[in-house]
K.L.:
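First, the structure itself, so that you have it in front of you.
Atoms within a ligand are numbered from 1 in the order they appear, just like the ligands themselves. Numbering starts at 1 and runs along the sequence shown.
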Amino acid sequence: MQFIMEKPRKALRIVRTIRRKSEGGVYKMLPSPRLLMWKGRKRAKHIFLGILALVVIYVLFLTFDGRLTFQPYMSTTTFYVAYPGNYTIIMDNTPVCRTRNPFLVLMVPVAPRGVKFRHTIRRTWGSERTVLGQRVDTIFLLGLPSGEETEQQQELLFWENEQYQDMIQSGFLDSYRNLTIKTMFMLEWLVKNCKNTSYVMKIDSDMLLHVPNLVKLLLDPITPKHNYMSGLVWWHSQVLRNPFNKFYMPRHVIAEPEYPPYPLGMAYVMSMDLPEKILSISTEIKPIYIEDAYLGMCLQHLGIFPTDPPDTDLYIVKPVHPLSNCSLTKVIAVTTTGIDLMNIYWARIQDSETTCNLTYYYYYY
Ligand SMILES: *[C@@H]1O[C@H](CO)[C@@H](O)[C@H](O)[C@H]1NC(C)=O
Ligand SMILES: *[C@@H]1O[C@H](CO)[C@@H](O)[C@H](O)[C@H]1NC(C)=O
Ligand SMILES: *[C@@H]1O[C@H](CO)[C@@H](O)[C@H](O)[C@H]1NC(C)=O
Ligand SMILES: *[C@@H]1O[C@H](CO)[C@@H](O)[C@H](O)[C@H]1NC(C)=O
Ligand SMILES: *[C@@H]1O[C@H](CO)[C@@H](O)[C@H](O)[C@H]1NC(C)=O
């Protein structure tokens with residue numbers, strides 16, 4: 001406050017000094033009003049340009065996702081994937097659904113290079129075989145490796161699968177843009193092999209899955225046995241029209257402003273009658289590269305709505321880490337930041353000391 005009061009006084013003193021000096025014969029030029037105005041305008045222009053630059057940087061920051069995907073002249077085919085295609089099967093010798101009859105199959109799409117994730121999942125939530133008396137099996141889904149040393153990578157995959165027999169691989173190139181192909185391949189495989197299975201969950205390799213909580217929900221009489229697809233349901237997912245965005249979709253591919261409702265691709269569960277229904281309707285809908293939204297489009301054509309989980313905290317997509325013991329023991333699937341956190345959370349939910357203090361929980365929420 002004092003500082004602000006002092007400033008005009010000081011300025012006044014300087015003006016008086018200048019005036020006195022010029023009156024006393026020493027010539028001192030005062031800045032003309034026009035010069036002052038010009039300076040003011042110049043400053044305003046600088047401020048304006050500065051703000052503009054900040055806005056541009058902010059917009060770029062919002063739309064930037066590791067690489068610039070600005071491709072305004074992308075042809076229509078860019079937004080579709082090559083499915084169906086006669087992809088060859090490279091690896092498929094798992095006993096799951098063949099000599100074993102699981103109640104629930106966990107399908108994990110993973111990049112060929114994601115061996116660390118596969119090992120971690122095999123050691124943690126993928127290691128659970130019998131949960132609440134129900135058989136649970138885990139399978140990894142892969143396409144072909146790309147980049148450098150593809151042959152060497154493929155050799156390692158063969159070797160890894162020889163040890164664990166839990167990988168299936170098909171002959172399309174494994175890339176983010178081909179995720180829909182992977183999902184459709186998964187559905188085909190399930191229809192062919194898992195007739196006696198009740199549910200399937202598709203779950204990403206960076207997730208922590210609380211298998212007992214999932215099985216508990218699936219065994220609950222409130223859970224439908226048919227036409228059931230659940231997860232973190234996006235009821236009003238906007239079709240993004242910003243060409244900078246990773247999920248850009250032009251109007252001439254999808255005219256509607258919103259996608260039909262669908263559970264987020266990170267983790268969704270469905271009853272085993274759905275894969276066949278989705279596959280049969282999929283011949284009528286051109287597959288787009290956004291796999292979860294595409295499944296939503298298939299569901300809509302089937303006249304089936306996804307089911308919200310009974311509690312919104314069961315699936316968490318953007319958690320604030322570290323999660324409290326209470327939210328960890330209540331969750332079904334939660335995004336992690338990587339292998340380390342997955343291990344820590346897994347150890348914590350195994351520990352009988354980790355309990356959810358319900359009185360505490362309901363008191364505060
Ligand atoms: C796939 O292969 C079968 C026979 O192997 C053939 O009849 C069919 O036309 C092929 N489909 C495509 C899309 O290439
Ligand atoms: C898979 O994706 C890559 C690039 O992302 C593409 O070149 C390839 O043609 C796609 N399709 C198949 C069937 O591999
Ligand atoms: C299906 O699974 C049940 C147990 O879950 C088993 O009793 C039955 O024999 C199985 N049927 C076939 C055809 O595998
Ligand atoms: C969370 O659980 C762990 C056991 O894994 C326990 O040691 C710790 O004290 C618990 N933290 C809180 C805040 O209750
Ligand atoms: C639950 O938390 C409340 C408040 O912190 C505490 O008073 C109570 O003893 C706790 N109950 C159990 C079973 O830990």
K.L.:
Using a 3.5 Å cut-off on N/O to N/O, what pairs does ligand 4 make with the protein? A line per pair would be great.
P.N.:
from	atom 1	to	atom 2	distance (Å)
ligand 4	2 (O)	Asn325	ND2	2.4
ligand 4	2 (O)	Thr354	OG1	3.4
ligand 4	5 (O)	Asp351	OD2	3.1
ligand 4	5 (O)	Thr354	OG1	2.9
ligand 4	11 (N)	Asn325	ND2	2.8
ligand 4	14 (O)	Asn325	ND2	3.4

K.L.:
Any atoms of ligand 2 less than 4.0 Å from a non-hydrogen atom of Asn178? List them with their elements.
P.N.:
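Within the 4.0 Å cut-off of Asn178, ligand 2 contributes 1 (C), 2 (O), 3 (C), 8 (C), 10 (C), 11 (N), 12 (C), 14 (O).
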K.L.:
May I ask you to decide if the ring planes of His321 and Tyr345 are parallel, tilted or perpendicular, using 30° and 60° as cut-offs?
P.N.:
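It falls in the tilted class, 30° to 60°.
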K.L.:
Do Leu217 and Pro310 have side-chain heavy atoms sitting under 4.5 Å apart?
P.N.:
yes
K.L.:
For Phe172, is at least one N or O under 3.5 Å away from an N or O on ligand 2?
P.N.:
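No, since none of the N or O atoms of Phe172 sits under 3.5 Å from an N or O of ligand 2.
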K.L.:
Are Thr78 and Arg177 packed together at the side-chain level, in the sense that at least one heavy-atom pair is separated by less than 4.5 angstrom?
P.N.:
yes
K.L.:
Select one of side chain, backbone, both or neither to describe which atoms of Leu173 lie under 4.0 Å from any atom of ligand 2, heavy atoms only.
P.N.:
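Answer for Leu173: both.
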K.L.:
Take the angle between the ring planes of Tyr289 and Phe79 and call it parallel below 30°, perpendicular above 60°, tilted in between.
P.N.:
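The arrangement is tilted - the two ring planes meet at 30° to 60°.
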K.L.:
Please find the pair of heavy atoms, one from Ser127 and one from Trp346, that lie closest to each other, and give the distance.
P.N.:
OG-CZ2, 4.4 Å
K.L.:
Which residue pairs pass the disulfide (SG to SG under 2.5 Å) test with at least one member in residues 84-145, sequence neighbours excluded?
P.N.:
Cys97-Cys194
K.L.:
Apply the hydrophobic cluster definition, ILVMFWY joined by side-chain contacts under 4.5 Å directly or through others, and give me every member besides Trp235.
P.N.:
Val233, Phe305
K.L.:
Look only at interatomic distance and state if Ser175 has a nitrogen or oxygen under 3.5 Å from any nitrogen or oxygen of ligand 2.
P.N.:
yes
K.L.:
Once side chain to side chain donor-acceptor pair (under 3.5 Å) is applied, do any residues pair with Tyr294, and if so which ones, sequence neighbours excluded?
P.N.:
none
K.L.:
Going by the atom numbers of ligand 2, which of them fall below 4.0 Å from some non-hydrogen atom of Tyr87?
P.N.:
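The atoms of ligand 2 under 4.0 Å from a heavy atom of Tyr87 are 13 (C).
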